[in-house]
Amino acid sequence: MTIYEQTKNTIYEVIKNALLQAKEKGELQFEAIPDFAIEEPREKEHGDFATNAAMLLARQAKKAPRAIADSILANMDTTGTYIQSAEAAGAGFVNFKLDPAYIREILTVIENEGENFGRVNVGEGKKIMVEFVSANPTGPMHMGNARGGALGDCLASVLDWAGYDVTREFYINDAGNQIDKFGRSLEARYIQAIRGEDAAEFPEDGYHGEDIRERAKAYIKEHGEGLLDLDSDARRKALVEFALELNIEDLKKDLEKYRIFYDIWFRESVLHENGEARKTVDELIERGYAYEKEGAIWFRATDFGEGKDEVLVRQNGFLTYYAVDIAYHKNKFIDRGFDTVINIWGADHHGHVARLKGAMKALGIDPERLEVILMQLVRLVSGGEVVRMSKRTGKSITLKDLLEETSIDAARFFFNMRQANSHFDFDLDLAVEQSSENPVFYVQYAHARICSILRILAEQGMAVQPVSALDLTCLVAEQEIDLMKKLADFPETIKQAASLREPSLITRYAMDLAAAFHAFYAACKVNSEDKKLTSARLKLCDATKTTLKNAMQVMSISAPEQM
């Protein structure tokens, strides 16, 4: 339980007991105590915490909220608590001011938990999968994949810190129409590379990128021109097997450079080879949710609120992407036993969400266990203009291009600054700027500044001491209290980010903590003439360093000790 939870629970019990005491005395009449809130007021002058209990009880007690608040205060016993004072305010709020000693306890907590400070166990070890990026393996990753990678990886990290058993998964679409198109594109470029551009007509719907030419030439260099002697199907199969593995290996390398390491790379082709996809269609037929019509097999999507039914198996006998996706998600829930599955998709997949949830329900799987986060597009901006082409290739910007223009830290931090469902402009100029205007620089500089303070004072014989050797009562300045409060927020922020599936809260927290430290540093001289105060402030600096580093670790952002 965090310091805030402990404190709020204490205040809750004090209020509850005061209400019961008032009822026993006949001051208040009510059947049940309402579920009132204990929250931090927006304005500091209103105290550390406030409750709306009096207002919620007004209808039952048939009294004005302010009168109920007065009864709470009159019957309140704060013995053995950190409550320093309480007063009624406004229409009936009760505001509490606490002894600063309650928040100083955070320094002990951070000292004891160290690199694990911030970890909570709301997940209780439940199995949760985050599937993200899953870029088409027929080509390089684009800017949208870069954003999805940062969001998905940070969300997975948040869930891990919140106590879930997390699996990161990349779904490789190595079957279906896009692979057929990939094979036809490779075949045309292969023949053209050997016999000339006019020797083979390039498919109108093919992949026109230079990477297709490069893969065809690489095959020729390694294996020669022998594929010309084979029929088209065999030729395409060989080219796809060769190029696909190279592409997948490139995907892995680019993502690992981006600090994303997957637990599982799941191939779509497995679902075809082991018959799972066909079996899933058969199961839907058996359950009465699929039927044959005009030589095709259809899913009764209209049974689940959709406007029309969807094809599962085409007239030519081929499975649709939808059918395979149903089988894939059945595999996640039934075969591998994940409690919750989270997919991060582009906003263009919006229409697929309800259809897939309907299919899960048809298979007897609670559709609420499937969560889909839809991610909006991102634009790269430089000099106030939208950048559409890579300086290196003159083509659309890829993840590799982006990481040549800016740092990994900046890319991951910037992509995680906004909610997934918001459009985002990535300001390339700001990302490389070394000033307080650049948020990632601002956060990292706070960490480096603390490291410098600790290093300089250590050289002067002033090392960080354990809490037991310190007098923390001297930490009374407003900026000191604010900084300790912000430190205490970290576990709560992890909980909230996990609950809301909103990793951008961690980025915002890191920025707020850095701001609280910079304000403290500007107002409070760490190396003061009062050695007790110096030692206490040194401990506060060290606790801030630990927490900043932990927050950046959640985001896979480096925490430099010098800048």
Side-chain angles (χ1 to χ4, degrees), residues 122-134 148 151-152 155-156 158-159 162-171 173 176 263-264 266 268 270-271 276-291 297-313 319-376 419-421 496-503:
V122 293
E124 299 178 330
K126 291 177 182 175
K127 289 184 64 177
I128 192 166
M129 176 199 282
V130 184
E131 186 229 313
F132 58 106
V133 178
S134 296
L151 290 169
L155 175 58
V158 163
L159 292 167
Y164 290 90
D165 179 3
V166 182
T167 296
R168 293 167 170 84
E169 181 153 302
F170 189 111
Y171 182 56
N173 298 115
D263 300 295
I264 298 173
F266 190 100
E268 177 188 347
V270 170
L271 299 169
E276 278 191 58
R278 286 284 176 179
K279 288 176 185 175
T280 301
V281 172
D282 291 341
E283 182 175 346
L284 287 170
I285 293 172
E286 290 170 10
R287 287 173 172 264
Y289 292 113
Y291 61 93
I297 296 176
W298 298 70
F299 174 63
R300 296 186 185 278
T302 48
D303 287 2
F304 302 94
E306 291 299 295
K308 62 185 182 67
D309 291 346
E310 297 290 334
V311 177
L312 296 174
V313 184
L319 293 163
T320 62
Y321 179 82
Y322 179 47
V324 180
D325 208 24
I326 295 170
Y328 174 46
H329 284 80
K330 181 192 172 196
N331 175 280
K332 292 180 180 183
F333 288 114
I334 304 299
D335 297 354
R336 290 189 277 164
F338 286 99
D339 297 298
T340 302
V341 168
I342 300 174
N343 297 336
I344 297 181
W345 291 346
D348 57 332
H349 287 72
H350 178 269
H352 190 52
V353 177
R355 290 196 295 269
L356 189 56
K357 282 179 172 282
M360 293 302 99
K361 190 171 183 179
L363 290 169
I365 299 165
D366 181 0
E368 295 304 309
R369 292 169 59 194
L370 172 62
E371 301 177 20
V372 179
I373 296 172
L374 295 174
M375 179 187 64
Q376 293 292 344
Q419 293 180 329
N421 62 5
Q496 189 176 15
S499 173
L500 298 175
R501 313 300 199 227
E502 190 45 73

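More than 12 heavy atoms of other shown residues, nucleotides or ligands fall within 6.0 angstrom of atom NE2 in H349.
Aromatic ring centres of F266 and Y328: separated by under 6.0 Å.
For the residue pair N331 and E276, a side-chain donor N or O sits within less than 3.5 Å of a side-chain acceptor on the partner. Remark: the H352 side chain and the D325 side chain contain an N/O donor-acceptor pair separated by less than 3.5 Å.
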Check against side chain to side chain contact (heavy atoms under 4.5 Å, CB included), L159 and V130: CA-CA 9 Å; L159 292 167; V130 184; 3.9 Å; yes
Candidate pair L363 and I326, rule side chain to side chain contact (heavy atoms under 4.5 Å, CB included), full reasoning: CA-CA 9 Å; L363 290 169; I326 295 170; 3.7 Å; yes
Side chain to side chain contact (heavy atoms under 4.5 Å, CB included) between Y321 and N173, worked out: CA-CA 10 Å; Y321 179 82; N173 298 115; 3.5 Å; yes
Step-by-step salt bridge (charged side-chain N to carboxylate O under 4.0 Å, His left out) determination, K357 to E371: CA-CA 9 Å; K357 282 179 172 282; E371 301 177 20; over 6 Å; no
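Between I342 and the choices R369, R501, M129, the side chain to side chain contact (heavy atoms under 4.5 Å, CB included) rule is met once, by R501. Residue K332 is tested with N343, T167, T340 for a side chain to side chain donor-acceptor pair (under 3.5 Å); the sole match is N343.
Using a 4.5 Å heavy-atom cutoff, the side chains of V281 and I297 are in contact. At a threshold of 4.5 Å between non-hydrogen side-chain atoms, the residues R300 and Y291 count as touching. Taking 4.5 Å as the limit, every side-chain heavy atom of Q496 sits out of range of all side-chain heavy atoms of E502. At least one side-chain heavy atom of L356 sits less than 4.5 Å from a side-chain heavy atom of L370. Using a 4.5 Å heavy-atom threshold, the side chains of D303 and Y289 count as touching.
Distance check: D339 CG to E124 CD gives 11.0 Å after rounding to the nearest 0.5 Å. Atom CD1 of I344 sits about 7.5 Å away from atom CE of M375, to the nearest 0.5 Å. Annotation: the span from L271 atom CG to Y171 atom OH amounts to 5.0 Å, rounded to 0.5 Å. Between the NZ atom of K361 and the CD atom of E368 there is a distance of 9.5 Å, given to the nearest 0.5 Å. Atom CD in E169 sits 5.0 Å away from atom CD1 in I264 (nearest 0.5 Å). From I373, atom CD1 reaches atom CG of N421 across 9.5 Å, with rounding to the nearest 0.5 Å.
A salt bridge is absent between K279 and E286: the closest approach of a Lys/Arg side-chain nitrogen to an acidic carboxylate oxygen does not fall below 4.0 angstrom. Between K308 and E310 there is a salt bridge, since a side-chain N of the basic residue sits under 4.0 Å from a carboxylate O of the acidic one.
For the residue pair G125 and D165, the shortest heavy atom distance occurs at O-CB, 3.6 Å. Of all the heavy atoms in A277 and A327, the pair that sits closest is CA-CB, 3.6 Å. Of all heavy-atom pairs spanning A359 and Y322, the tightest one is CB-OH, 3.8 Å. Listed here is the closest heavy atom pair of A290 and L312: CB-CD1, 4.0 Å. The shortest non-hydrogen separation linking L151 to A420 is CD1-CB, 3.8 Å.
For K127 and F338, the positive end sits near the middle of the six-membered ring, less than 6.0 Å away and at most 45° from its axis.
Under a 3.5 Å cut-off, the side chain of S134 and the backbone N or O of F170 do not form any donor-acceptor pair.
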